[in-house]
Structure formats: C-alpha cells, structure tokens
Protein chains: 2
Amino acid sequence: MKNKEVKDIKIPMKEHFGNYMVPVRDALEVFSGKWKIPIITALTFYETCGFKELERIVEGITPKMLSKELKFLEENLLIIRKVEDTRPITVTYSITEYGKTCKSVMSELYRWGVEHRKKVFNIEGQTWDKC
Amino acid sequence: MKNKEVKDIKIPMKEHFGNYMVPVRDALEVFSGKWKIPIITALTFYETCGFKELERIVEGITPKMLSKELKFLEENLLIIRKVEDTRPITVTYSITEYGKTCKSVMSELYRWGVEHRKKVFNIEGQTWDKC
DNA sequence: TATAGTGGTATCCAAAAGTATAGTGATATG
DNA sequence: CATATCACTATACTTTTGGATACCACTATA
C-alpha cells in the first residue's frame, strides 16, 4: 500500500485519555476483591461493630482477611478504628462520613449488575433485595 | 451478663441484604482486573478494531491477555467479534449497543476516584482528562 | 525468496489474593 | 480452676491473575 500516512493508524489510548485510568483504578482498588464491599455494607448498616461481630456478620471471612481489609479501609479513610478503654478492651470499627460516599458507586454497580443478569442470563424478577 | 437475649446481637448481612451482593459481584467481574476497562474504553472510542490494533492501542497488554479478555467481553455481550472475508482474513472487534451502557458505571468510578485522590492523597487539579 | 503483518496459541513462571488451621495474651464467667 | 470471649497474628497452602517468551499458519509485499 502506498501512502502509508493515509492509512488511519489508531494510536494508544494514552494520547486520547491521558491519566483518565488513574482514578478509575483507584476506585476499583477500593471496591474489588471478595470482602471490601461486604465490610463497607455491613458498617454502613450497623454504623459500628467489633472485630468478632464483623466476623459473624460478614459470613465466611477469615480473621486474617478481615484484619487485612479493615487496615486497608482505614488507610483509605472509609472507616475508623477505636480502642475503647473497657475491660476487656474492645475495638470498634465505624464507617466515616466519607465512607458513606461509597454508596453511590455501590448502587451504580448494583443497578448495572441487575440489568446485566437480565441481559446475559435472562434472569428476571429475582429477589435482589434492594436496600 | 444476665439477659443474654437483651444484648443486641448483630446478625449476618444475608438476613438483611439477601442476594444484594450477587449483581454487585457480577458487575465487578466485568470491571475489575487490569485490562477490561481499557479494552472497553478503546472500543467505545474507536468503535471497531482489529486484534493487532488493540495490542497497540492498549499499551502493555500481551496477546494472551488480550485474547482472554476479548473472549470474556464477547461472552458478556459487550463486544462482537467478526471474521471478515478479506485476504488475508481480518478479525474485527466492535462495541455493542449494550456494551455502551458500561459508560455510566465507568464514569461513576471515575468521578468517585477523582474525589478519592483528593481526599486520600490531597492531590487537586491534576489533569485527569475527562472524556 | 526474504520479510513483515495478520490473529492468535503454548509454555513456563512470579506475584497477588484468598483459605485453613492453629495459637496468643488478656480478662471474665461458671 | 476450666472454659470462653476478645482481637488478633502466624504459618502453610492453594488459587487466581498476569507477565515473558516463543511460536504457529497464512498472506502480501519488496
């Protein structure tokens, strides 16, 4: 082919989208994985829980994973950990005001996910109890 | 402690939220991982691309990953693969109308991610070129 | 005939994510 | 004194994810 420069060569996304992916990846880091959304949801619902309580509420999670994810969520300012001076000492985890902003993302994921089930698996009207 | 039944024992999320997590997880399966969103974004932007084109557009991806993710996205009805009867035969991948519905989720992830950067890293006004 | 481009596979490997199981020190209860 | 609860940590393991490298058949071009 002559005039190679005429052929429309598609260029890397970075040229068009710059750093667009960076915040998207940040968000996904918070919401992906098996346990982060369940923990956020639990703390949004109950406001404050202890460690063992969360182990029971978030069914199936191991203490190792719970501990790891709580640290991550605290570093990301979504929850706060407080050591209460009781006997025996108890530790409480609570959702922050900022943590509550996750709701918009989660409900968008929920909304899209429900449509996706309909489209891909042809499953309608199942009881995806909205909250 | 007497009156154990008075103590408010927090119950597993499933009691409150039922199958709420199922569609959320479905959605996350589509959007998580390193390459799915970049591929969707590329095909949303260019409408139709060939395999080698995508390899160049989505910088850093290996043919193995590209092949795997394209299969996944096709199974999820987000893109279509067509073998064109040219010489040599070419294969095109295009976004479906349904695939375009991903935009709402991606822009919500973007929006939240930008706020999250501000909050957690105190990074303002950077050029997260919106699209 | 040599080279380059098309659309991929095959194989091996490393790192990350997640599971299973056990145990710790402090305190409180029966 | 035995047992249980709280908030974890430690260790070993498996699974999943992704990366590196090589290679394939086919066709077109120089």
Side-chain angles (χ1 to χ4, degrees), chain A residues 1-10 21 25 28-39 42-43 48-74 79-94, chain B residues 1-10 21 25 28-39 42-43 46 48-75 79-94:
Chain A
M1 179 193 291
K2 277 161 195 172
N3 296 333
K4 270 188 176 154
E5 53 284 354
V6 168
K7 191 175 171 186
D8 88 301
I9 289 172
K10 289 161 188 171
M21 279 308 165
R25 296 260 252 155
L28 277 173
E29 216 192 321
V30 168
F31 297 104
S32 65
K34 193 170 176 182
W35 302 113
K36 283 172 210 114
I37 288 188
I39 294 169
L43 286 173
T48 294
C49 300
F51 190 90
K52 286 286 176 192
E53 272 178 338
L54 281 168
E55 260 188 276
R56 285 188 293 267
I57 295 163
V58 182
E59 285 173 292
I61 198 166
T62 60
K64 179 189 165 185
M65 287 308 293
L66 181 55
S67 173
K68 186 186 153 197
E69 300 296 46
L70 287 170
K71 260 166 209 155
F72 174 88
L73 296 174
E74 202 196 354
I79 65 172
I80 0 165
R81 179 182 186 272
K82 271 186 193 146
V83 181
E84 309 285 345
D85 191 14
T86 52
R87 251 161 284 119
I89 56 157
T90 46
V91 178
T92 60
Y93 294 91
S94 325
Chain B
M1 179 193 291
K2 276 162 197 172
N3 297 331
K4 270 188 177 155
E5 54 286 352
V6 168
K7 191 176 170 185
D8 88 302
I9 289 173
K10 291 162 188 168
M21 280 306 164
R25 296 260 253 155
L28 276 173
E29 216 191 320
V30 169
F31 296 104
S32 64
K34 194 170 174 182
W35 301 114
K36 283 172 211 118
I37 289 189
I39 293 169
L43 287 174
Y46 284 118
T48 292
C49 299
F51 189 89
K52 288 285 177 190
E53 272 179 339
L54 281 168
E55 259 189 275
R56 285 187 295 266
I57 295 164
V58 183
E59 284 174 292
I61 198 167
T62 60
K64 177 190 163 183
M65 288 308 294
L66 181 55
S67 174
K68 185 186 155 197
E69 300 297 46
L70 287 171
K71 260 167 209 155
F72 174 88
L73 296 174
E74 201 195 354
E75 279 163 20
I79 67 172
I80 2 166
R81 180 182 186 272
K82 271 188 193 146
V83 181
E84 309 287 345
D85 191 14
T86 53
R87 252 163 283 121
I89 55 156
T90 47
V91 178
T92 61
Y93 293 92
S94 327

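Proteins get letters first, then strands, A, B, ... in listed order; numbering begins at 1 in each. These numbers come from a predicted model, not from an experiment.
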Figure out the CZ/C1' separation between Arg87(A) and dG25(C), and round it to whole Å. 17 Å
Please check the phosphate of dG8(C) (OP1 and OP2 only) for any side-chain N or O of Tyr93(B) closer than 4.0 Å. yes
Between atom OH of Tyr93(A) and atom CG of Leu70(A), what is the distance when rounded to the nearest 0.5 Å? 5.0 Å
What is the distance, to the nearest angstrom, from the CD atom on Glu55(B) to the P atom on dA20(D)? 13 Å
Ion pair present between Glu55(A) and Lys52(A), side-chain N to carboxylate O less than 4.0 angstrom? yes
Length of the line joining Glu84(A):CD and dC8(D):C1', which is rounded to integer Å: 17 Å
Using a 3.5 Å distance criterion without hydrogens, assess whether the side chain of Glu53(B) forms a donor-acceptor pair with backbone atoms of Gly50(B). yes
The nucleotide from dC6(D), dA20(D), dA22(D) with an atom nearest the side chain of Thr90(A) is dC6(D)
How many Å lie between CD on Glu29(A) and P on dA16(C), as a whole number? 12 Å
What is the separation between atom CD1 on Ile61(A) and atom C1' on dG18(C), rounded to the nearest whole Å? 10 Å
Reckon Arg81(B) has a side-chain N or O less than 4.0 Å from the OP1 or OP2 of dG8(C)? yes
Under 6.0 Å from the six-membered ring centre of Phe72(B) and within 45° of its axis: does the NZ or CZ of Lys36(B) meet both? yes
Check whether Ser67(A) reaches the backbone of Pro63(A) with its side chain - one donor and one acceptor, N or O, closer than 3.5 Å. no
By nearest heavy atom, map Thr92(A) and Gly33(B) onto DNA chain D; which one lands nearer the 5' end? Thr92(A)
For dA30(D), which nucleotide is its Watson-Crick or G-U wobble mate, given both distances must be under 3.5 Å? dT1(C)
In whole angstrom, what separates Lys34(A)'s NZ from dT17(D)'s C1'? 16 Å
Quick check for you: to the nearest 0.5 Å, what is the distance between Ser32(A) atom OG and Arg25(B) atom CZ? 11.0 Å
Whole-Å distance separating the CZ atom of Phe51(B) from the P atom of dC24(D): 18 Å
Taking any heavy-atom pair under 4.0 Å as a contact, classify Lys52(A): base, sugar-phosphate, or nothing. base
Checking Ser94(A) against Thr48(A): is there a side-chain donor and acceptor pair closer than 3.5 Å? yes
Using a cut-off of strictly less than 4.0 Å between a heavy atom of the residue and any atom of DNA chain C, enumerate the qualifying residues of residues 64-74 of chain A by number. Lys64(A), Met65(A)
To the side chain of Pro88(A), which of dA28(C), dG8(C), dC6(D) is closest? dA28(C)
Over how many whole Å does the gap from Ile89(B) atom CD1 to dA28(D) atom C1' extend? 14 Å
Does dT6(C) have OP1 or OP2 sitting under 4.0 Å from an N or O in the side chain of Arg56(B)? yes
